[in-house]
Structures are given as C-alpha cells and as structure tokens.
2 protein chains.
Amino acid sequence: MSTNAAMAETAALVGDPARAAMLNALMDGRALTAGELAGVAGITAQTASGHLARLSAAGLLAMERQGRHRYHRLASPAVARMLEAIMMVAGSAPPPARPRRVGPADAAMRNARTCYDHLAGRLGVAIADAMAARGQVELATDGGAVTPAGQDFLGSLGITPDAGGSRRAFCRPCLDWSERRHHLAGGLGAAICTRCFELGWVKRVPASRAVLVTRAGEAGLRQAFGIELE
Amino acid sequence: MSTNAAMAETAALVGDPARAAMLNALMDGRALTAGELAGVAGITAQTASGHLARLSAAGLLAMERQGRHRYHRLASPAVARMLEAIMMVAGSAPPPARPRRVGPADAAMRNARTCYDHLAGRLGVAIADAMAARGQVELATDGGAVTPAGQDFLGSLGITPDAGGSRRAFCRPCLDWSERRHHLAGGLGAAICTRCFELGWVKRVPASRAVLVTRAGEAGLRQAFGIELE
DNA sequence: GGCATGCTTCGGTGCAGGCCGAAACATGGC
DNA sequence: GCCATGTTTCGGCCTGCACCGAAGCATGCC
C-alpha cells in the first residue's frame with residue numbers, strides 16, 4: 001500500500017468525531033472499557049464497538065480482556081504523539097476533561113491496596129511508573145523485564161531478584177482496577193509488596209484489601225522511588 | 001468548539017486520499033500550484049480547488065498569488081510535524097503486514113530526503129549521529145542544544161547559527177519516519193540542509209522529496225561529518 | 001481588443017460509512 | 001441451570017461529501 005493511502009487511512013480513523021473523542025479520552029494512558037468510551041463519545045455501545053474494532057485493527061489501540069470487560073488503551077506512545085501533533089495544528093486547547101470512572105468506592109482502597117500478593121491502586125501505579133521512567137523495568141503488554149539498573153536498585157532495597165530462580169514472569173504488568181493503568185505484578189510485584197510491609201512503609205487496614213502508607217513509608221517511598229502521594 | 005471536534009476536523013482533512021496525496025507532495029517545503037497538486041492527487045482541477053480551499057481555511061496550507069498562478073505550501077512546521085507523526089503510526093500500524101514492496105523511488109526516499117525544510121532519511125540520521133558523537137550537539141527527546149564545539153564546526157561549514165530569529169528552537173530533534181531515529185530539525189536542521197544544497201552536496205530528485213548525494217557530496221560529507229553512506 | 005491559460009463556483013450524481021434497533025454471543029454471579 | 005451485564009454482529013436507514021461537467025471569473029500574452 002502506498003504511503004499516501006496508509007496516511008490517509010490512519011488520519012481518517014482519527015477524523016471521525018466519535019473516534020476522536022474516544023482517542024482523546026485515552027490520551028492519559030489509562031485503559032477504558034468499550035461502554036465507557038461509548039459514553040464519552042455520546043454513541044451507543046454497538047456503534048462504539050465497531051469503531052474500536054477498526055482502531056485496533058489499524059494498530060491505534062490495544063485491547064486486553066479482563067473478565068467480561070475489555071480494556072482499550074492507546075497502542076503506543078507514537079499514537080499519543082500523533083494525537084498531540086494533530087491537536088497542535090487543530091488549534092491548541094487545554095487537556096480534555098477526564099471521563100468519570102468507577103472504581104473502589106472506598107477512597108483508601110483507591111489510594112493503595114493489595115491485589116492478590118502485590119500493591120495496586122495509586123501507589124502501585126506510581127511505583128510502576130517510577131521504575132519504568134528510571135529505566136529499572138521495561139514493561140510491555142504481555143510481560144516485562146528488570147534491567148541491570150533495576151537489579152542494582154532492587155538490591156539496594158534489600159530485594160534479591162532471583163527468588164526461586166524463575167526469572168520467567170518475575171516482572172509482569174497487571175491492569176489496575178481503579179487507575180486503569182499497569183502496575184507491577186508477578187514475582188517482582190510480590191517481592192516489592194512484601195518488602196514494603198517488612199520496612200513498615202505500609203500496613204493493612206483490618207478487614208479490607210486497602211493498605212495505609214505510614215509516615216515512615218512516605219519518606220521511604222519518596223527516597224527510594226521519588227514518588228509523592230498527596 | 002470542543003477539542004475533540006477540532007481534532008477530528010483536522011484529522012478528517014488529512015484523512016482523504018486525494019488531500020493526503022497533496023499534503024504529502026508539499027512535505028518538502030516547496031510550494032506547488034493547484035494544477036500540479038491536482039495531478040499528484042489524480043483528480044481534476046475543480047475538485048482540487050475545493051480541497052485546497054478547505055485546507056487553507058483550516059490553517060493547514062498557506063497560499064500566495066503570483067500572476068495567474070496560486071502557490072500552495074504547508075502553513076507551518078507544525079503541520080509537517082503532524083504529517084510525519086501520522087506517517088509514523090501508519091507505517092508501523094498494521095499487525096504483521098505483508099512485506100512491503102520497495103520501489104526504487106522508495107529506496108531513494110529512505111536513503112535521503114527532505115522533511116519540510118531539513119534533511120531526513122539515512123543521511124539525516126547519520127548527520128545527527130555524527131554531530132552527537134562528536135559532542136557538537138546534545139540531543140534529548142524534547143529538545144537539543146549546540147555546544148561551543150558545535151558552533152565552531154558550523155562556522156567552518158559556513159553556517160552562522162544566530163542568523164534570523166535566534167529565539168526559534170535552533171536545534172530540535174525530529175523522529176525519522178523511515179529510520180525511526182532522531183535527525184536534526186529546527187533552525188539548525190534547516191541551515192544544514194540549505195548549506196548542503198548550496199555546496200552541491202545533494203540535489204533534488206524531480207517531483208519527489210528524495211534527494212541524491214552527489215560525488216562532491218560524498219567527499220564533503222565524509223570530510224565534514226565523517227559519515228559514509230554505503 | 002481577442003484569446004489562451006489557470007482557477008473557482010455551481011449543480012447533480014453516486015457511494016462510503018456512521019448511526020441505531022434488535023438479536024446473538026460471552027462472562028460472571030446466583 | 002438461570003439471569004444480569006458487557007460486548008459484538010447484522011440489517012437497514014440516511015447523511016455527508018468526493019467527484020465531475022459545464023460555466024463563470026481572473027490574469028497574462030498577443
């Protein structure tokens with residue numbers, strides 16, 4: 001296919017108001033369900049479904065199943081860059097309003113909680129973001145890897161990466177329920193979670209999956225990961 | 001007007017094959033007449049006229065009269081950047097697409113071409129790499145800077161860095177569409193490109209964005225930048 | 001002036017595709 | 001098993017718009 005045709009096809013996908021609204025809603029990197037995207041676009045679910053199928057087929061979106069939900073997100077940073085460039089030309093406007101999201105009703109749950117054996121919520125996402133930004137882990141859709149720099153960092157935290165020798169699935173991304181972004185799961189997520197409990201950085205809320213960040217935890221997390229949860 | 005609608009409108013303009021072909025033809029920064037653009041798009045003059053009016057109204061193109069001709073060109077570097085970003089996504093989009101056939105024109109394009117007002121393709125990337133390796137420029141994801149050593153080097157090439165509005169981002173990296181790496185854009189990229197044409201190191205391939213490296217260019221590029229295109 | 005060239009406007013045709021209702025399919029809770 | 005919820009598929013309607021032929025400006029050359 002010619003370059004022109006490929007470019008026109010991609011641009012045409014963005015050139016529909018409903019699809020543009022959906023893409024815009026995904027610009028913050030989170031993943032939303034088809035129903036939510038239908039809502040932000042002001043169209044019915046079946047119409048949205050058709051749009052999402054086309055966007056995925058063209059490589060603009062990536063989809064992953066989770067239960068009976070299907071979470072859609074931008075397929076790559078290149079897509080986000082393209083959308084930014086288009087917005088720039090269209091006449092720069094402030095970032096879009098974020099769609100209403102349904103998550104854990106409890107604010108503490110939303111802030112930080114455990115997901116099986118690892119940390120989730122804003123805390124979990126913040127840790128994943130920080131480590132990815134620093135090049136300590138590399139996250140992909142279906143897996144991840146700890147970099148040499150990451151090994152050093154984990155060692156300084158008192159985490160020995162090679163627990164069990166199963167390097168496979170040691171670093172696995174998991175889509176966060178409330179934040180709609182990836183956090184660290186697998187052996188790595190579990191090890192970090194365990195270590196945070198050992199260090200007294202977080203403690204469990206009784207009879208809940210929620211966890212609280214202690215005062216020592218605020219300082220420790222800031223120093224270790226450079227993250228700041230307000 | 002909402003952000004979504006503005007983005008969709010702009011993208012829809014690019015999303016028509018005929019308009020995409022015309023925009024692509026203008027990617028080298030030159031200005032073409034309506035008739036020429038109708039030719040490259042494979043449509044009649046009256047249809048092209050309608051397209052051009054819409055593109056100008058949306059701020060994608062600028063037009064200037066000259067006698068009975070009307071010359072159209074991209075309205076700003078931002079438009080060129082947007083088109084490059086779309087091509088990036090369109091080029092890598094489809095899931096394992098069939099091996100794309102590469103014609104001679106395509107090969108020449110990959111080797112060296114103009115991107116709005118600067119050099120791109122393998123030549124553009126090679127120049128950026130060489131200057132970065134020698135400490136003449138420092139490139140980051142979102143910006144760049146010319147070092148003192150770079151100033152000296154540019155002077156020896158006959159390029160005065162502060163010509164014109166020095167406020168403009170003089171050194172800006174631009175992600176290469178075919179090489180997927182950064183080359184030099186901004187005022188610096190434009191100055192180097194202009195100088196290469198002046199020195200007869202490269203010349204345009206008629207009716208194409210591709211450029212050819214001359215024999216003098218091979219020698220000159222080797223001596224100035226230490227680069228060797230196969 | 002007369003004529004040629006380049007471009008735009010007007011009117012009408014035809015097709016692509018966005019939209020929804022209805023129904024089928026998939027998954028989880030009971 | 002049954003039902004509720006989320007999502008996709010199917011069929012049909014209808015708008016939007018890309019396209020061209022013909023005619024109407026505009027400019028330059030003679």
Would you mind reading off the distance between B:Leu52 atom CG and C:dT8 atom C1', rounded to a whole angstrom? 11 Å

Nearest whole angstrom, please: distance from the C1' of D:dT7 to the CG of A:Leu37. 13 Å

Using the C1' atoms of the five pairs at each end, what is the angle between the end axes of the helix from C:dG1-D:dC30 to C:dC30-D:dG1, to 10°? 30°

Is there a salt bridge (charged side-chain N to carboxylate O under 4.0 Å, His left out) between A:Glu84 and A:Arg81? Walk through the geometry before answering. CA-CA 5 Å; A:Glu84 279 177 26; A:Arg81 272 196 298 272; over 6 Å; no

Given A:Leu157 and A:Ile192, is the side-chain contact (heavy atoms from CB on, under 4.5 Å) satisfied, shown in steps? CA-CA 9 Å; A:Leu157 268 187; A:Ile192 291 176; 5.7 Å; no

Touch check for A:Ala45, heavy atoms < 4.0 angstrom, all strands: base, sugar-phosphate only, or nothing? base

So which nucleotide from C:dC7, D:dT9, C:dT8 ends up closest to the side chain of A:Ser49? D:dT9

Please state whether the rings of A:Phe153 and A:Phe225 are parallel, tilted or perpendicular, taking 30° and 60° as the class boundaries. perpendicular

Nearest-nucleotide wise, let me know which of A:His69 and A:Gly50 is further upstream toward the 5' end of DNA chain D. A:His69

Straight-line distance of A:Met7 CE to A:Asn4 CG, nearest 0.5 Å: 5.5 Å

Side-chain contact, heavy-atom cut-off 4.5 Å: B:Leu60 with B:Arg54? no

Pick out the pairs of N or O atoms, protein on one side and nucleotides 14-21 of chain D on the other, that lie under 3.5 Å.
unit_1: D:dA18; atom_1: OP1; unit_2: B:Arg19; atom_2: NH2; d: 3.4
unit_1: D:dA18; atom_1: OP2; unit_2: B:Arg19; atom_2: NH1; d: 3.3
unit_1: D:dA18; atom_1: OP2; unit_2: B:Arg54; atom_2: NH1; d: 2.5
unit_1: D:dC19; atom_1: OP2; unit_2: B:His51; atom_2: NE2; d: 2.5
unit_1: D:dC20; atom_1: OP2; unit_2: B:Thr44; atom_2: N; d: 3.2
unit_1: D:dC20; atom_1: OP2; unit_2: B:Thr44; atom_2: OG1; d: 3.1
unit_1: D:dC20; atom_1: OP2; unit_2: B:Thr47; atom_2: OG1; d: 3.1
unit_1: D:dG21; atom_1: N7; unit_2: B:Gln46; atom_2: NE2; d: 2.6

When rounded to the nearest 0.5 angstrom, what distance separates OG in B:Ser49 from CD1 in B:Ile43? 10.0 Å

Mind calculating the distance between CE (A:Met22) and C1' (C:dC19) to the nearest angstrom? 12 Å

With side chains defined as the heavy atoms from C-beta onward, is the minimum distance between A:Leu61 and A:Leu23 less than 4.5 Å? yes

Within the 4.5 Å heavy-atom criterion, are A:Thr214 and A:Lys203 side-chain neighbours or not? yes

Distance-minimising heavy-atom pair for B:Leu13 and B:Arg19: O-NE, 2.6 Å

Between P on C:dC7 and NE2 on B:His72, what's the gap in Å once rounded to a whole number? 7 Å

A:Glu36-A:Thr33 side chain donor-acceptor pair, cut-off 3.5 Å: yes

Nearest atoms (heavy-atom pairs only) where A:Ala41 meets A:Met22: CB-CG, 3.9 Å

Between the protein and nucleotides 25-30 of chain C, are there any N/O to N/O pairs under 3.5 Å, and if so, what are the atom names and distances?
none

